4 protein chains.
Amino acid sequence: MHNPTESKPRWERRKDARPQELLAAALDLFVSRGYAATRLEDVARSAGVSKGTLYLYFANKEELFKAVVRDAIVQPIGEAEMDFAAIDGHSADLLRTLLMRWWDKVGATKASGITKLMIAEAANFPELMQFYNEEVIARGNALIANILTRGVARGEFRAVDPDVMMPVLVAPVLMLMLWSQSPQLCAGATIDPYAYLAAYIDTTLRGLRPASAPEGAPYCMPAAPATGLHNK
Amino acid sequence: MHNPTESKPRWERRKDARPQELLAAALDLFVSRGYAATRLEDVARSAGVSKGTLYLYFANKEELFKAVVRDAIVQPIGEAEMDFAAIDGHSADLLRTLLMRWWDKVGATKASGITKLMIAEAANFPELMQFYNEEVIARGNALIANILTRGVARGEFRAVDPDVMMPVLVAPVLMLMLWSQSPQLCAGATIDPYAYLAAYIDTTLRGLRPASAPEGAPYCMPAAPATGLHNK
Amino acid sequence: MHNPTESKPRWERRKDARPQELLAAALDLFVSRGYAATRLEDVARSAGVSKGTLYLYFANKEELFKAVVRDAIVQPIGEAEMDFAAIDGHSADLLRTLLMRWWDKVGATKASGITKLMIAEAANFPELMQFYNEEVIARGNALIANILTRGVARGEFRAVDPDVMMPVLVAPVLMLMLWSQSPQLCAGATIDPYAYLAAYIDTTLRGLRPASAPEGAPYCMPAAPATGLHNK
Amino acid sequence: MHNPTESKPRWERRKDARPQELLAAALDLFVSRGYAATRLEDVARSAGVSKGTLYLYFANKEELFKAVVRDAIVQPIGEAEMDFAAIDGHSADLLRTLLMRWWDKVGATKASGITKLMIAEAANFPELMQFYNEEVIARGNALIANILTRGVARGEFRAVDPDVMMPVLVAPVLMLMLWSQSPQLCAGATIDPYAYLAAYIDTTLRGLRPASAPEGAPYCMPAAPATGLHNK
DNA sequence: CATGAATGAGAATTCATTCAT
DNA sequence: AATGAATGAATTCTCATTCAT
């Protein structure tokens with residue numbers, strides 16, 4: 001039944017797949033070029049459709065941008081929503097687990113590109129920024145702050161102000177996301193995410209250890225191969 | 001020296017002042033809106049001149065952008081060039097001093113906006129990125145890495161790989177620069193730079209303390225008012 | 001006559017009905033928005049079919065427009081074709097009857113919208129305008145001119161030049177058609193078509209009365225209720 | 001000093017004249033093609049400038065359209081504002097004078113094109129229609145209605161309802177404006193405005209004459225050459 | 001026959017850049 | 001030196017038209 005002479009159709013009907021293809025193409029371009037420098041025609045071509053088709057699914061450039069952000073955020077946020085309140089262990093372990101999972105579920109995904117986008121476009125899309133704040137930043141911050149508060153309360157961390165310390169803990173993860181998106185920003189050096197995270201977590205937990213607590217686990221990573229900690 | 005035939009111009013000659021006003025206006029707008037979304041007309045108006053005048057000083061938008069970056073960078077970098085090789089003290093004190101000075105001389109200035117700009121536009125201006133890498137990132141990184149190497153060698157820091165630890169140390173400072181530029185990114189919370197830096201430095205130095213070293217200064221900030229450390 | 005092999009279609013066949021629904025929808029939209037501002041998608045939706053279906057019946061937008069005009073014109077023109085040559089009465093009565101019938105058969109129908117359309121699009125559709133001229137304007141004008149000529153010849157009208165007077169008589173009817181389509185054009189006031197027509201006809205016939213003729217019928221409407229003249 | 005080799009400049013600086021030139025070009029095109037079918041590039045070229053220049057003076061197509069209407073209306077309306085309250089003569093003379101002046105000051109000007117435009121675009125520009133209603137239609141209507149009321153009150157016109165009769169009187173003038181703009185609408189016949197107006201006014205005044213009044217002036221035009229009445 | 005996803009030419013709009021004054 | 005009117009290439013967005021299903 002194969003017809004070798006059959007010509008390729010001008011287009012294919014893929015209504016269901018289109019939005020995702022367009023969002024993926026748009027995410028790539030928005031992240032690498034920025035919002036304003038991204039031409040919708042490139043997005044369309046990159047998704048294998050024509051300019052007009054894009055407008056079948058998104059009312060205009062701004063709506064496409066919002067959809068890209070929402071889509072790329074909602075996905076991982078949903079999965080990353082971890083119930084740490086239920087976990088019953090040492091706060092240092094909690095923090096370590098949270099940060100590592102965060103990286104695997106969010107940081108290592110395309111969602112990292114969104115972070116860069118929001119940094120660049122925060123001022124130009126206030127409502128979107130608010131959405132991002134509520135759905136992503138506030139949630140993530142709360143997770144960190146809660147663990148800090150818990151650790152201090154249980155005497156597992158030295159007495160720090162969770163609200164002050166929280167951004168300090170968040171910063172290295174955010175920068176890792178940025179660096180993983182823009183290797184140019186590292187002055188040529190390539191960052192190994194897991195070595196980076198290990199060094200960061202280890203140093204931070206040591207720095208949070210109360211004077212009374214003995215050194216060693218769970219405040220320190222085992223001296224052994226750090227690469228054994230993760231699957232990749 | 002008096003030249004009687006030289007006619008006095010009707011307008012005040014400010015050949016050198018003009019560019020600075022334009023650069024300042026451009027920096028503000030580039031930082032807040034991004035490169036592409038910044039219109040040269042706004043830059044000109046913001047500097048109190050006409051669009052045409054802008055072109056008397058800068059060949060085009062791209063050159064203006066480069067000039068903005070170079071200008072905002074070279075200034076503080078020159079001042080911040082501190083000779084830590086000559087300093088003879090505990091590596092923890094060196095690191096603390098470097099980070100605090102960095103903040104005062106660079107982070108707290110408009111140069112912070114450049115960081116945001118470079119993150120957003122890295123892919124669109126490769127040569128500029130290279131310049132930024134060489135002049136800023138590499139220098140700053142080397143400073144940090146040198147102190148780490150020195151500290152480890154002198155037994156003042158535990159045995160860490162300076163190349164791995166370096167970005168971990170840099171990250172919180174960079175994020176502070178970004179946050180200071182875009183308060184929207186903090187989910188409403190305002191970050192007090194000095195409290196943030198104190199928490200960051202204190203925790204990091206504690207985390208770098210070798211097991212053999214006694215707790216307390218210079219690894220820990222004095223419990224007393226941290227605000228005494230800086231001028232503000 | 002029964003054909004047992006003829007399969008029954010799943011859907012009702014309305015080959016002839018479809019165009020009418022489409023023409024009706026198109027007429028409405030063309031009249032209210034104008035030709036260029038009318039989107040075929042709206043026409044299709046308004047007729048309850050898809051855009052593609054429209055193209056099964058009309059080759060393109062222009063053909064649809066022409067079909068709308070022809071359809072909306074030919075219909076009433078056929079009915080309004082009145083043989084006034086055969087009528088044997090006072091010319092004033094003839095004129096009155098013609099105008100009233102014209103209104104009832106043409107002016108009060110959707111065909112009024114066509115008048116508005118042709119005024120707006122005359123320059124853009126020259127051939128259509130010619131068709132409209134020949135089928136509608138010329139015929140209507142001839143009817144009026146004939147009655148005028150007859151009235152003057154029979155001494156029932158004062159000596160007027162039928163070619164000059166004809167457009168004067170036609171104008172109020174055309175404007176009534178426009179006003180009935182676009183109430184916005186009346187500055188808020190609503191026009192009662194029959195009161196308007198009564199005032200117009202009465203005044204005009206009085207104005208056409210020869211000096212020799214006695215005042216009163218047929219030159220004047222009976223002072224009694226004008227509303228008794230029509231059915232509504 | 002004439003330099004025959006001097007090249008023509010790319011453009012000429014004509015800031016003050018530009019808007020009027022653009023408005024004139026736009027009026028022509030809007031009137032002949034309609035709003036939607038008029039391309040701004042054509043307007044610009046027609047005014048001898050580039051697309052971009054047009055946007056220097058009008059924010060967008062809609063604003064240009066509004067400006068065209070306002071400009072073309074305000075001008076003649078201002079001049080046509082005649083104080084008939086002060087005139088002390090026979091109402092028939094008043095009416096005749098008003099209509100003739102209206103034609104000379106408004107109808108015979110480009111403002112006639114606006115009438116056509118508003119008929120076509122009334123539904124698409126509601127606010128503009130309101131402006132037109134208030135500035136043009138309402139004023140004109142009031143003028144006519146006032147004279148009718150005055151005439152009836154003074155016994156110079158038979159007893160008619162001014163509100164009903166007003167549109168009947170206005171219609172022929174409006175149609176004359178339309179016909180003067182779109183000769184195509186006359187089925188080939190060319191209308192001589194002054195002959196038309198003479199026939200119209202004469203017939204109408206005869207039709208408004210009270211039974212008691214004697215025939216002849218001022219209800220009738222002198223039988224003599226009507227062309228002598230106006231300057232053209 | 002009917003559908004509606006897809007197309008792409010075309011029109012509106014923006015803005016970096018030029019240049020006569 | 002300074003201006004700002006003018007330009008036109010580039011981009012967003014629309015919609016008549018096509019065609020695989």
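Since we're looking at a predicted model, the values are computed, not measured. Both backbone and side-chain heavy atoms feed into the values below; hydrogens, waters and symmetry mates do not. Below, chain A is the first sequence line, B the second, and so on; all start at residue 1.
Annotation: of the two residues near DNA chain F, A:A36 and C:E62, the 5′-most nearest-nucleotide partner is A:A36. Comparing A:T38 and C:T38 against DNA chain F, the residue whose closest nucleotide sits nearer the 5' end is A:T38. Comparing D:R39 and B:G52 against DNA chain E, the residue whose closest nucleotide sits nearer the 5' end is D:R39.
The CG atom of A:D42 sits 13 Å away from the P atom of F:dA10 (whole-angstrom rounding). Computed from coordinates, the D:Y35 OH to E:dA11 C1' distance equals 12 Å when rounded to whole Å. The separation between B:E41 atom CD and F:dT7 atom P is 16 Å, rounded to whole Å. Taking atom CG of residue D:L22 and atom P of nucleotide F:dA5, one finds them 14 Å apart after rounding to whole Å. For the pair C:L64 CG and F:dT17 P, the computed distance is 10 Å after rounding to whole Å. In this entry the distance linking CZ of A:F58 with C1' of E:dA6 reads 15 Å, nearest Å. For C:E63 and F:dT17, the CD to C1' distance is 14 Å, given to the nearest whole Å. Distance D:N60 CG to F:dC13 C1': 15 Å, rounded to the nearest Å.
The A:R18 side chain lies nearest to E:dA6 when the options are E:dA2, E:dA6, F:dT3. Considering only the side chain of B:L56, F:dT3 comes nearest among F:dT3, F:dT7, E:dT17.
One finds the CG atom of B:L54 at 12.5 Å from the CZ atom of B:R45 (value rounded to the nearest 0.5 Å). Taking CG of B:L56 as the reference point, atom OG of B:S50 lies at 7.5 Å (rounded to 0.5 Å). How far CD1 of D:I114 is from CD of D:Q181: 9.0 Å, rounded to the nearest 0.5 Å. The CG atom of D:L27 sits 9.0 Å away from the OG atom of D:S32 when rounded to the nearest 0.5 Å.
Remark: A:Y57 is not in phosphate contact with E:dA5, judged by side-chain N or O atoms under 4.0 Å from OP1 or OP2. Phosphate contact (OP1/OP2 of F:dC15, side-chain N/O of A:Y55, threshold under 4.0 Å): absent. In terms of phosphate contacts, D:S50 brings no side-chain nitrogen or oxygen within less than 4.0 Å of OP1 or OP2 of F:dG8.
Stem analysis of DNA chain F (at least three stacked-register Watson-Crick or G-U pairs, each with both distances under 3.5 Å) gives E:2-21 with F:2-21.
Checking side-chain atoms of A:T38 against main-chain N and O of A:R33 turns up no donor-acceptor pair under 3.5 Å.
Rounded to a whole angstrom, the distance from the P atom of F:dT21 to that of E:dC1 is 22 Å.
Among the heavy atoms of the strands lying under 4.0 Å from B:K61 are primed sugar atoms or P, OP1, OP2 only; no base atom is included. Among the heavy atoms of the strands lying under 4.0 Å from D:L40 are primed sugar atoms or P, OP1, OP2 only; no base atom is included.
Here D:E127 pairs with D:K66 in a salt bridge; the nearest charged N to carboxylate O distance falls below 4.0 Å.
A:A26 is linked by a side chain to side chain contact (heavy atoms under 4.5 Å, CB included) to A:F30, A:V43, A:L64, A:V68, counting only residues two or more places apart in sequence or in another chain.
When ring centroids are compared, D:F125 and D:Y35 come within the 6.0 Å threshold.
Interface remark: the A:K51 side chain does form a donor-acceptor pair with the E:dG10 base, using a distance-only criterion of under 3.5 Å.
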